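These notes concern the structure reproduced below.
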There are 2 protein chains.
Amino acid sequence: MPAPKDLRTRKDPGAAADTAAMDHALGRDEFLCFALYSTSHAFGRVYKPLLDPLGLTYPQYLVLVLLWDHDDQTVGNLGDKLFLESSTLTPLLKRMEAAGHVTRRRDPADERQVRVRLTPAGRALRSKAARIPRGIAEASGLSLDDARRLQAEITALRTSLDRHLAG
Amino acid sequence: MPAPKDLRTRKDPGAAADTAAMDHALGRDEFLCFALYSTSHAFGRVYKPLLDPLGLTYPQYLVLVLLWDHDDQTVGNLGDKLFLESSTLTPLLKRMEAAGHVTRRRDPADERQVRVRLTPAGRALRSKAARIPRGIAEASGLSLDDARRLQAEITALRTSLDRHLAG
DNA sequence: GGCATTTATATCGCGTGCGATATAATCGCA
DNA sequence: TGCGATTATATCGCACGCGATATAAATGCC
């Protein structure tokens with residue numbers, strides 16, 4: 001009789017603590033990348049119940065955050081701030097336009113550019129989104145200082161990666 | 001004559017340093033989430049030229065890393081370790097099967113499960129992938145200690161998010 | 001033993017993300 | 001001024017990633 005191949009079944013409560021499954025198989029920086037990758041998805045799952053009632057996805061929410069701060073931006077401007085390409089933003093903005101959150105209009109002064117503006121409905125979403133920051137903060141369980149420090153380190157890492165890509 | 005709305009054009013070299021574009025518009029933990037989101041994509045762009053010659057995507061590479069360490073795993077096992085759903089893994093594994101990297105076979109002892117195994121070609125990719133860890137480490141520009149510490153903090157954050165989602 | 005429940009995987013639809021490419025407008029410079 | 005280079009956006013094809021749902025196998029409980 002063969003010995004059991006794996007004592008843990010899939011939904012064993014200890015499975016989630018199997019945190020280091022990837023550890024010994026990846027280089028240190030690769031494991032860091034995997035941590036970013038999987039945590040980014042976990043954040044998406046936390047955001048979803050907060051954004052669903054507003055009819056928004058996460059990147060759509062980011063676009064609105066930028067427009068709430070500074071209305072009337074070009075596609076390229078939004079892309080630079082969000083690190084997204086026009087091939088991602090154009091369809092996304094069209095969906096937001098179809099949903100009635102923004103308008104898209106060629107800039108008469110430079111017909112290459114498309115200016116994105118909030119509709120009244122898009123502006124009105126701001127108050128409905130006011131509860132989101134608190135929801136995210138609760139889920140993260142980090143102190144303000146820890147969150148600030150982690151954010152700064154990860155942002156610096158992104159800058160390093162971007163420089164490597166450009167150079 | 002109207003004043004220019006924005007002194008920076010899109011490709012101004014200072015644009016990348018416009019790091020804090022999202023800062024004052026997002027809560028602290030939300031900005032941390034955005035840092036994770038954008039840095040995760042940046043890592044993907046660093047991985048791409050390393051993985052393209054192997055004909056692999058990033059999640060496909062992660063599957064291979066797991067199988068190189070421990071061959072013959074179920075779909076659920078891989079999903080638990082990668083934090084991915086079967087709705088993501090099943091098509092991905094089918095593509096890897098079509099590419100000749102793995103085989104998928106129902107476990108005779110439990111026909112619900114599908115066991116994923118390396119083919120000789122999949123095993124052979126391991127040596128071709130040997131240069132990847134160094135390439136990632138160079139791009140990150142972090143010391144071993146910094147990478148380790150950052151990874152640990154982000155992994156802890158993911159655990160906190162997962163607990164929040166479960167509870 | 002039989003039947004409801006649980007578990008493992010698969011399928012579907014949708015929204016990203018991106019590289020490659022296309023198109024149109026503007027710029028630069030001889 | 002004119003025309004090649006650059007810039008801004010759009011389009012296309014592909015691969016995720018997930019929630020909802022379906023299906024089939026195993027489990028549990030009487």
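Side-chain atoms are counted along with the backbone in the values below, which use heavy atoms only and exclude waters and symmetry mates. Since we're looking at a predicted model, the values are computed, not measured. Labels below follow one simple rule: chain letters A, B, ... track the order of the sequence lines, proteins then strands, and each chain is numbered from 1.
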Pair Tyr61(A)-Leu54(A), side chain to side chain contact (heavy atoms under 4.5 Å, CB included): steps then yes or no:
CA-CA 9 Å; Tyr61(A) 169 68; Leu54(A) 310 191; 5.6 Å; no
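- Using a 4.0 Å cut-off between charged side-chain N and carboxylate O, Arg117(B) and Asp72(B) make a salt bridge.
- Taking side-chain N and O atoms only, Arg95(A) has no distance below 4.0 Å to OP1 or OP2 of dC14(C).
- Residue Arg106(B) places none of its side-chain N or O atoms closer than 4.0 Å to OP1 or OP2 of dA8(C).
- Residue pairs meeting the salt bridge (Lys or Arg N to Asp or Glu O under 4.0 Å) criterion with at least one partner in residues 27-44 of chain B, sequence neighbours excluded, are Asp23(B)-Arg28(B).
- Side-chain N/O atoms of Thr90(B) include one lying less than 4.0 angstrom from OP1 or OP2 on dA10(C).
- Put simply, Lys94(B) has a side-chain N or O that comes within less than 4.0 Å of OP1 or OP2 on dT11(C).
- Note on Leu92(A): only backbone sugar-phosphate atoms sit closer than 4.0 angstrom, heavy atoms only; bases stay farther off.
- Looking only at side-chain heavy atoms (C-beta outward), Tyr47(B) and Leu56(B) stay at 4.5 Å or farther from each other.
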Per-nucleotide protein contact along nucleotides 20-28 of chain C, 5' to 3', at a 4.0 Å heavy-atom cut-off (B base, S sugar-phosphate only, - neither), is B----BS--
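- At dG17(D), one or more side-chain N or O atoms of Tyr37(A) fall inside 4.0 Å of OP1 or OP2 (strictly under the cut-off).
- When side chains are defined from C-beta on, Phe34(A) counts as touching Leu82(B), because their heavy atoms get closer than 4.5 Å.
- The side chain of Gln113(B) places no N or O atom within less than 4.0 Å of a non-bridging phosphate oxygen (OP1 or OP2) of dA26(D).
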